**Q** 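Shown below is the structure under consideration.
This is a predicted model, so every value here is computed, not measured.
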Amino acid sequence: MPTDPLFSVEGQVVLVSGASRGIGRAIAAGFAQRGSQVIITGRDPARLEKTAAEISSGGCSQVVPYVCNVAQPAATARMVEELITRFGRIDTLVNCAGVNVRRRAEDYDEATYDYITNINIRGAFFLSTAVGRYMKEARRGCIINVDSINSHTPLRYVSVYAMSKAALGEMTKCLAMEWGPYGIRVNAIGPGFTLTDLGRRLWENPALEAWRQANTPLGRIGLPEDMVGACIFLASPAASYITGQVLYIDGGTLSGLFWPLDVESPEASASPEG
């Protein structure tokens, strides 16, 4: 069956940061499987090379690895210049690089604070502006930021992470406003509870898994592959009039508060306000 051109990303040059594993890897593979020329970045050369080879071996477009620490603006600027020289353009940028450290607010030191914010928001901003300069010249382009449900409803003990993701959401809107006149669309996706290699141990805790199930209307935990469809859509002509938005992909977690009462329980008839 031929691909509907309305949702096609075939032939696009797509740069995905933080793509050596997890959500970034799934997004990169999703674009490659649909005929995009994908470049993936990360800090670990061996893991990056392995990921690129594995995605490419699946009958996809050849994925190009590029070692780069997005926390270093000079390095990202150099990378973007080299990619523009090699490929001529970058059609879609996916800012997926992100880190988290769980602590009480008063226990964060400056080094940990900088580690999180330098990657999650500072890195995303300067990578976006490096790419955005070329997109402005081309008068077209798409940027997709990987936000989090923490920017909407933060969890306890991840204050710096939540702050950085909230800033990413505001960056999405600010860049959408500034760059819209140049034909550049800037949106974000907000993953909910997702089973990645880094978070697998978290969800092996029975109490935590039970809490997650109780707070996810669709029941199951999200998979990295669940983020692919939204990114393909946002990068395609189907989303040509969509910018400045955050699309939460959370199985319904942000729909409301899920209190531990069944409708048949005696307590359910009492008003929660008094």
**Q** Consider only side-chain heavy atoms of I, L, V, M, F, W and Y, link residues closer than 4.5 Å, and tell whether Ile249 and Leu155 are in one cluster.
**A**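 No, it is not one cluster - the side chains of Ile249 and Leu155 are not joined through contacts under 4.5 Å.
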**Q** When clusters are formed by joining ILVMFWY residues with side-chain heavy atoms under 4.5 Å apart, either directly or through shared neighbours, do Met79 and Met135 land in the same one?
**A**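 Hydrophobic grouping puts Met79 with Met135.
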**Q** Mind checking the OG1-CD1 spacing from Thr92 to Ile232? Nearest 0.5 Å is all I need.
**A**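 The distance works out to 8.5 Å.
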**Q** Heavy-atom count check: over 12 atoms from other residues, nucleotides or ligands less than 6.0 Å from Tyr108 OH?
**A**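 More than 12 heavy atoms, drawn from other residues, nucleotides or ligands, come within 6.0 Å of this atom.
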**Q** Tell me, with the steps shown, if Trp179 and Lys136 meet side chain to side chain contact (heavy atoms under 4.5 Å, CB included).
**A** CA-CA 7 Å; Trp179 293 349; Lys136 286 177 69 175; 3.9 Å; yes
**Q** Give a yes or no on whether the backbone of Gly244 and the side-chain of Asn187 come within a donor-acceptor separation of less than 3.5 Å.
**A**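 Yes, Asn187 side chain to Gly244 backbone: donor-acceptor pair under 3.5 Å.
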**Q** Same hydrophobic cluster for Tyr113 and Phe126, using side-chain heavy-atom links shorter than 4.5 Å among ILVMFWY?
**A**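 Result: yes, single cluster for both.
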**Q** With the side chain counted from C-beta on, respond yes when Val160 and Val101 share a heavy-atom pair under 4.5 Å apart, and no when they do not.
**A**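 No, too far: nothing below the 4.5 Å cut-off.
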**Q** I'd like to know if Arg220 pairs up with Asp226 as an ion pair, taking the criterion as any Lys NZ or Arg NE/NH1/NH2 lying under 4.0 Å from an Asp or Glu carboxylate oxygen.
**A**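 Judged by the 4.0 Å cut-off on N to carboxylate O distance, Arg220 and Asp226 do form a salt bridge.
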**Q** Write down the atom of Ala230, the atom of Ile189, and the distance for their closest heavy-atom approach.
**A**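 Scanning both residues, the minimum pair turns out to be CB-CG2, 4.0 Å.
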**Q** Taking C-beta and beyond as the side chain, do Thr194 and Met227 meet within less than 4.5 Å on heavy atoms?
**A**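 The answer is yes; the side chains approach within 4.5 Å.
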**Q** Under a 4.5 Å cut-off applied to non-hydrogen side-chain atoms, are Arg86 and Val64 in contact?
**A**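 Side-chain contact under 4.5 Å: yes.
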**Q** Of Val131, Thr172, Leu127, Val146, which is the lone residue that meets side-chain contact (heavy atoms from CB on, under 4.5 Å) with Asn95?
**A**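 Of Val131, Thr172, Leu127, Val146, side-chain contact (heavy atoms from CB on, under 4.5 Å) with Asn95 is met by Leu127 alone.
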**Q** With a sphere of 6.0 Å drawn around OH of Tyr182, does it hold more than 12 non-hydrogen atoms of other residues, nucleotides or ligands?
**A**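 It does not: Tyr182 OH has 12 such atoms or fewer within range.
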**Q** Measure the CZ-OH distance between Arg102 and Tyr161 for me, rounded to the nearest 0.5 Å.
**A**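 Atom-to-atom, Arg102:CZ and Tyr161:OH are 12.5 Å apart.
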**Q** Ignoring hydrogens, what is the shortest heavy-atom contact between Ala130 and Ala77? Give both atom names and the distance.
**A**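 Reported closest heavy-atom pair: CB-CA, 4.3 Å.
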**Q** Would you give the length of the straight line joining atom CG of Asn150 to atom OG of Ser159, rounded to the nearest 0.5 angstrom?
**A**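 Answer for the CG-OG pair, Asn150 versus Ser159, is 10.5 Å.
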**Q** Looking at Thr253, is its backbone amide N or carbonyl O close enough to the side chain of Thr216 to form a donor-acceptor pair, meaning the two atoms are under 3.5 Å apart?
**A**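 Not at all, since once roles are kept as given, no pair shorter than 3.5 Å links the two residues.
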**Q** Looking only at heavy atoms, which two atoms of Thr51 and Ser20 are closest? And how far apart?
**A**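 Smallest interatomic distance, heavy atoms only, reads OG1-O, 2.6 Å.
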**Q** Could you pull out the closest heavy-atom pair between Ala235 and Cys142, with the gap in Å?
**A**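 Heavy atoms of Ala235 and Cys142 come nearest at CA-SG, 3.8 Å.
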**Q** Within a strict 4.5 Å, meaning less than it, do heavy atoms of the Glu170 and Lys173 side chains meet?
**A**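 Yes, their side chains come closer than 4.5 Å.
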**Q** Using every non-hydrogen atom in the two residues, find where Arg34 and Gly30 come nearest and quote the distance to one decimal.
**A**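 Heavy atoms only, the tightest pair is NH1-O, 2.8 Å.
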**Q** Given side chains that start at C-beta, do those of Ile90 and Ile84 come closer than 4.5 Å, heavy atoms only?
**A**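 In short, these two side chains touch, coming nearer than 4.5 Å.
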**Q** Hey, can you tell me if Phe7 and Phe233 have their rings parallel, tilted or perpendicular (30° and 60° cut-offs)?
**A**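 Tilted, since the angle between the ring planes falls between 30° and 60°.
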**Q** Dump the intermediate steps for side chain to side chain contact (heavy atoms under 4.5 Å, CB included) on Lys165 and Ile149, then the final yes or no.
**A** CA-CA 9 Å; Lys165 289 299 184 178; Ile149 59 171; over 6 Å; no
**Q** May I ask you to establish whether Arg104 and Tyr157 are in a cation-pi arrangement, using a distance under 6.0 Å from NZ or CZ to the six-membered ring centre and at most 45° from the ring axis?
**A**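 Yes, Arg104 and Tyr157 form such a contact.
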**Q** Any side-chain heavy atom of Leu208 within less than 4.5 Å of one from Leu202?
**A**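 Yes, side chains in contact.
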**Q** Any side-chain heavy atom of Trp203 within less than 4.5 Å of one from Leu195?
**A**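 Yes. Closest side-chain heavy atoms under 4.5 Å.
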**Q** Asp197 vs Arg200, test: side chain to side chain contact (heavy atoms under 4.5 Å, CB included). Steps then yes/no.
**A** CA-CA 5 Å; Asp197 290 341; Arg200 192 174 299 275; 3.7 Å; yes
**Q** Rounded to the nearest 0.5 Å, what separates atom CZ in Phe31 from atom CD1 in Ile39?
**A**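 That separation rounds to 11.5 Å.
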**Q** So how far is it from Ser151 OG to Asn145 CG, rounded to the nearest 0.5 Å?
**A**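 Answer for the OG-CG pair, Ser151 versus Asn145, is 11.0 Å.
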**Q** I'd like to know if the side chain of Asn69 and the backbone of Arg43 have a donor-acceptor N/O pair within less than 3.5 Å.
**A**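 Between the backbone of Arg43 and the side chain of Asn69 there is no qualifying donor-acceptor contact (under 3.5 Å).
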**Q** Would you check if the side chain of Arg185 reaches a backbone N or O of Ala239 as a donor-acceptor pair within less than 3.5 Å?
**A**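 Yes, the answer is positive, given that a donor and an acceptor are paired below the 3.5 Å cut-off.
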**Q** Salt bridge or not between Glu209 and Arg212? Use side-chain N to carboxylate O under 4.0 Å.
**A**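 Salt bridge flag = yes for Arg212 with Glu209.
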**Q** Roughly how far apart are Ile119 CD1 and Asn100 CG, rounded to 0.5 Å?
**A**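 Output value for this atom pair is 11.5 Å.
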**Q** Side chain of Ser36, backbone of Val38: donor and acceptor closer than 3.5 Å?
**A**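 Looks like no, no N/O pair under 3.5 Å.
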**Q** Hey, is the main chain of Pro237 close enough, under 3.5 Å, to the side chain of Ser240 for a donor-acceptor pair?
**A**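 Present.
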**Q** Using salt bridge (charged side-chain N to carboxylate O under 4.0 Å, His left out) as the criterion, list what pairs up with Glu54, not counting sequence neighbours.
**A**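 Counting only residues at least two positions away or on another chain, Glu54 forms a salt bridge (charged side-chain N to carboxylate O under 4.0 Å, His left out) with Arg25, Lys50.
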**Q** Closer than 3.5 angstrom, by distance alone: can the side chain of Ser17 be matched with the main-chain N or O of Ala97 as a donor-acceptor pair?
**A**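 Checking the backbone N and O of Ala97 against the side chain of Ser17, a donor-acceptor pair under 3.5 Å is found.
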**Q** Looking at Pro224 and Thr196, what are the two nearest heavy atoms and their distance?
**A**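 Shortest heavy-atom separation between Pro224 and Thr196 comes out as CG-CG2, 4.2 Å.
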**Q** Could you name each residue pair satisfying side-chain hydrogen bond (donor to acceptor under 3.5 Å, both in side chains) that touches residues 114-125, not counting sequence neighbours?
**A**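 For residues 114-125, and leaving out neighbouring residues, the side-chain hydrogen bond (donor to acceptor under 3.5 Å, both in side chains) pairs sorted by first residue read Asn120-Ser164.
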**Q** Are Leu93 and Ile23 grouped together when hydrophobic residues (ILVMFWY) are joined by side-chain heavy atoms under 4.5 angstrom apart?
**A**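 No, separate clusters.
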**Q** Begin with the C-alpha distance, continue with both residues' side-chain angles, and end with the deciding distance and a verdict on side-chain hydrogen bond (donor to acceptor under 3.5 Å, both in side chains) for Ser255 and Tyr248.
**A** CA-CA 10 Å; Ser255 299; Tyr248 290 102; over 6 Å; no
**Q** Has the side chain of Gln62 got a donor or acceptor atom that lies under 3.5 Å from a matching backbone atom of Gln37?
**A**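 Judged by distance alone, no pair lies under 3.5 Å.
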**Q** Mind checking whether Leu15 and Ile184 sit in one hydrophobic cluster, side chains of I, L, V, M, F, W, Y counted as touching below 4.5 Å?
**A**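 Leu15 clusters together with Ile184.
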